[in-house]
Enquirer: 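Pasting in a structure now, in structure tokens, and then I'll have a few things to ask.
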Protein chains: 2
Amino acid sequence: MSKDTELTATESTAAETKLTTTATELTAAALPSGFAWGAVRAGIKASGKTDLAAAVVLKNKAGAPTAGGVAVAAAMYTSNRVVAAPVTVGRQHLLTTGGRVAAVLVNAGNANCATGAPGIAGCKSTCVAAAESFGCIFDEVFPSSTGIIGVPFPAEKVVAAMPELKASLGSSAENAESFARAIMTTDTRVKMAYATVAAGEADPAQNGLQVKIWGAAKGAGMIHPRLGEPVGPPHATMLVYLFTDVAASAEDLNAALRAAVQPSFNSISIDGDTSTNDTVLLLASGASGATLSKALAPAFETALGEVCRSLARQIVDDGEGVGHVVTLDIQGAATDDDARLVAKAIAHSPLCKTAWSSADPNWGRLLAAAGYSGANFEMEKTRIRIGDQEVFEYGVRAASFDEAKAHAAMMEREYTIRIDLGAGAGECKFLTCDLTAEYVSINADYST
Amino acid sequence: MSKDTELTATESTAAETKLTTTATELTAAALPSGFAWGAVRAGIKASGKTDLAAAVVLKNKAGAPTAGGVAVAAAMYTSNRVVAAPVTVGRQHLLTTGGRVAAVLVNAGNANCATGAPGIAGCKSTCVAAAESFGCIFDEVFPSSTGIIGVPFPAEKVVAAMPELKASLGSSAENAESFARAIMTTDTRVKMAYATVAAGEADPAQNGLQVKIWGAAKGAGMIHPRLGEPVGPPHATMLVYLFTDVAASAEDLNAALRAAVQPSFNSISIDGDTSTNDTVLLLASGASGATLSKALAPAFETALGEVCRSLARQIVDDGEGVGHVVTLDIQGAATDDDARLVAKAIAHSPLCKTAWSSADPNWGRLLAAAGYSGANFEMEKTRIRIGDQEVFEYGVRAASFDEAKAHAAMMEREYTIRIDLGAGAGECKFLTCDLTAEYVSINADYST
């Protein structure tokens, strides 16, 4: 089982996972069956780039590009109290259909948030147009938006682009990549990951069948997802779309998604700002012929977890102005919750993050942030390591502390800061990044 | 009663408050009796500037510069779990003496934090030297340190400078200003404020007596004070020293300090990082002859509150890289606690703070931060005003929204963002600032 070295996932015996970020690496054979993707320029982004994307479920499961099929869906939304119109509408659609989606419609360049009744009406009018165009019913359209908040939503541009969007649909690697590219805002790179599960290795009754998972995501600011429970009470401007061709019940799909999201999207932060639009959607077409049996579930969940961790890592790596990707490995906390408190305090500390930007081994700032995090620990029992350099142990600077070596460890694009609080068995891993003058400049000039 | 226009304090009938930031404006007549101040270069700051300051209580209350007196003290420390050695030692001293202080010893350039047993021993050795030099007992010395965390504390430099420090003591405006200047780290300006209370106007029994309050403070990063309860359970690298010549019990002094700190130092944030060294100390010499009677207390508390608010505002105004000082005026929250949640979420949002740096009226970021703050409210009942410009009302962009006018309002050095959540009667005012590339640059290059 080959595995990309960039993955830090747990070992999997039945899943082969490969990261890819360009369409030239992705082949149609790696894509799940039963879906078609497309994208066009609707004129929403000021840049004139593609800004309207769709994914549709195919009726002919053999792969002919005929829309009109329906997939089982699991979705998780932001826990922000302020939510965008498509979040309100999409949640209602999932409740109405009991978790069925025929088409995903995503625009970038306008978040359709804080746009009032006209925003809701505009969102619904685009769903109506999509249903007509793609041959499904209104409630089976899953809408998403990302971009600036509070600017009236140009529904008419979306509606006008629908024929061209339909014409762009296809199941090739280029089609999938066009979907992933159109949903970008300040992202500099397309974010995709896929995995394949040999169903028969996990469940002999399904010998010869292969389950494929492909996902696309966008960041790159207002990234500190805190995704709520799936569907029932489901709300990011992180948008993640996951597609698989396994056959599964909505309940099993939700369980798999919940397990995959906590250590991935819910364990990253770029700037600590939780968006009004964060959405993770998982669609299962069933076109592989394989079923998410009890025997297959662990392998499927491992593969889904790896795809999610890869996408989460890609989001942080492409965060606004990011120079360094830092894994916070918190151990020895009184509880797992305490470990997360420490990780989040450090991940949101401007003093820690600015020190990282210049590779300054100022571990006192890490300690101070842990101290105000609310976690229960004693400085005298605490150890801090940056990369493989001990910097602090048991109340004082480590005897072996070597500023030049610690600085060198922090000059790497990616490194780990490990903090052992000596207070218990609680732990967590959290992925974050530095705070740079470029981040400030990007967000002081925001006008996408 | 004249009042400086920069103050936004509540009206006071018996307190005359004047802000001053330079020694040329401050006269000895404005300083409380019973204290002497001084400062020297001990060689702790790499810059070679003055870095060791002392304040001593005088024995001869008429004002002759003879050390050896004792003042009643009230102190509040940071609630950070990780505390510096002088915080541990100073707290113990206050508990031992029951709240009596004869001398304050402050160094800048080294925080003496995470320095282990040698740090504690070093702090104590400087207290011993100060007690010998100033003629008081060991426990009556109140130590403070500010600067970098985790670097061994050079106690020998402090001890060696003691004779020169004693020789520098005096009660002139220049002496007081030298104290305020030596405690600075990344501060660009000296921060002082004073107030005078005509005791007889509040309490006829004390006719003719005047109570004076003078305070000095330093910021300018790691500023988000969360000061705990006074003394008993008392820990910034915000340091604030307040001196008054009223006679008061430790209990009454603590009550006055607690009331003054909540709306001032505990209602500001520069970067959201709560220091391991934050300290606010209030000393009362009793040298004015006036007593903090029940009748005098309200006027004294008003004056103390104005001095604290002025110093808090000066700290934010001189925050690292600050271009704009923003007052968050949160109203209509379900509770006062909810109002503080919204204010703190906005004050700590990199996206809100970077938008302020370019005067970008991107109110969607304010709304998103309020949404994830944890406060209970509905977007449809919420209104947002920037300066005198309505930008958002009841779920949508305000009909009168004028981007150019809102931008102009944000070009001011100081302005107010008012958010009415429409959920109740809870409210708070919170003072914060923008996040600039200069802040990043200052903290990426930290080496004070």
Side-chain angles (χ1 to χ4, degrees), chain A residues 78-83 111 113-119 148-152 221-222 226 271-276 348-351 354-355 357-358 360 362-365 367-372 375-380 392 394-397 435-437 439-447, chain B residues 78-83 111 113-119 148-152 221-222 224 226 271-276 348-351 354-355 357-358 360 362-365 367-372 375-380 392 394-397 435-437 439-446:
Chain A
T78 182
S79 53
N80 197 312
R81 282 191 73 88
V82 171
V83 301
C113 180
T115 45
I148 193 166
I149 298 174
V151 172
M222 206 179 267
R226 287 181 276 183
D271 50 17
D273 273 302
T274 300
S275 168
T276 54
H348 299 159
S349 157
L351 289 173
T354 50
S357 74
S358 60
D360 178 2
N362 191 331
W363 51 264
R365 294 179 182 180
L367 193 63
Y372 67 71
N376 194 9
F377 73 100
E378 290 166 46
M379 172 168 64
E380 290 72 20
F392 176 80
Y394 310 128
V396 294
R397 191 165 68 182
L435 171 61
T436 63
Y439 175 91
V440 174
S441 144
I442 289 169
N443 284 295
D445 302 333
Y446 184 92
S447 61
Chain B
T78 181
S79 52
N80 197 311
R81 281 191 74 86
V82 171
V83 303
C113 179
T115 45
I148 194 165
I149 297 174
V151 172
M222 207 177 264
H224 173 209
R226 288 181 276 183
D271 50 19
D273 273 300
T274 299
S275 169
T276 55
H348 299 160
S349 158
L351 290 173
T354 49
S357 75
S358 60
D360 178 0
N362 191 331
W363 51 264
R365 296 180 181 180
L367 193 62
Y372 68 70
N376 194 9
F377 73 98
E378 291 166 44
M379 173 167 63
E380 291 71 20
F392 176 79
Y394 311 127
V396 294
R397 192 166 66 183
L435 171 61
T436 63
Y439 175 91
V440 174
S441 148
I442 290 170
N443 284 294
D445 303 333
Y446 184 91

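So that the names make sense, note that chain A is the first sequence line, chain B the second, and so on, each numbered from 1. Side chains included, hydrogens not; waters and symmetry mates left out as well; all remaining heavy atoms used.
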Enquirer: Given Thr354(B), which of Ile442(A), Asp271(A), Asn443(A) fulfils the side-chain contact (heavy atoms from CB on, under 4.5 Å) condition?
Expert: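 So the option named by the test is Asn443(A).
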Enquirer: Taking every non-hydrogen pair under 4.5 Å, which of Asn376(A), Val440(A), Asp273(A) racks up the most with chain B?
Expert: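 Greatest number of close heavy-atom pairs with chain B: Asp273(A).
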Enquirer: Which region of Ala375(A), side chain (C-beta onward) or backbone (N, CA, C, O), has a non-hydrogen atom less than 4.5 Å from a non-hydrogen atom of chain B, or is it both or neither?
Expert: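 Backbone of Ala375(A) only, per the 4.5 Å heavy-atom cut-off to chain B.
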Enquirer: Suppose we screen for side-chain hydrogen bond (donor to acceptor under 3.5 Å, both in side chains). Which residues come up paired with Ser357(A), at least two apart in sequence or across chains?
Expert: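 Listed in chain order: nothing, the list is empty.
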Enquirer: Taking atom CD1 of Ile149(A) and atom CZ of Arg365(B), what is their separation to the nearest 0.5 Å?
Expert: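 Reported to 0.5 Å precision, the distance equals 8.5 Å.
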Enquirer: Examine whether an atom of Ala111(B) lies under 4.5 Å from a heavy atom of chain A, and if so say whether it belongs to the side chain, the backbone or both; otherwise answer neither.
Expert: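 Looking at Ala111(B), nothing touches chain A.
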Enquirer: Does any donor atom in the side chain of Asn80(B) or Thr274(B) lie under 3.5 Å from an acceptor atom in the other side chain?
Expert: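 There is no such pair between these side chains.
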Enquirer: Tell me, out of Leu351(A), Val151(A), Thr115(A), Val396(A), who's got the most heavy-atom pairs with chain B below 4.5 Å.
Expert: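 Sorted descending by pairs with chain B, the first entry is Leu351(A).
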Enquirer: At a heavy-atom distance under 4.5 Å, which candidate from Pro118(A), Pro350(A), Pro152(A), Gly119(A) has the highest pair count against chain B?
Expert: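 Highest number of pairs under 4.5 Å: Pro350(A).
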Enquirer: Below 30° counts as parallel, above 60° as perpendicular, anything between as tilted: where do the rings of Phe392(A) and Trp363(A) land?
Expert: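 Phe392(A) and Trp363(A): tilted rings.
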Enquirer: Could you tell me if the side chain of Tyr372(B) sits less than 4.5 Å from the side chain of Val82(A), heavy atoms only?
Expert: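 No. Closest side-chain heavy atoms not under 4.5 Å.
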Enquirer: If you tally heavy-atom pairs under 4.5 Å against chain B, which of Ala368(A), Ala369(A), Ala355(A), Cys113(A) wins?
Expert: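 Ranked by contacts with chain B, first place is Ala368(A).
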Enquirer: Considering only heavy atoms, which portion of Tyr394(B) lies under 4.5 Å from any heavy atom of chain A: side chain, backbone, both, or neither?
Expert: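 Contact with chain A involves no heavy atom of Tyr394(B) at all.
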Enquirer: So which residue, Gly150(A), Gly364(A), Ala114(A), ends up with the most heavy-atom pairs under 4.5 Å with chain B?
Expert: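 Heavy-atom pairs under 4.5 Å are most numerous for Ala114(A).
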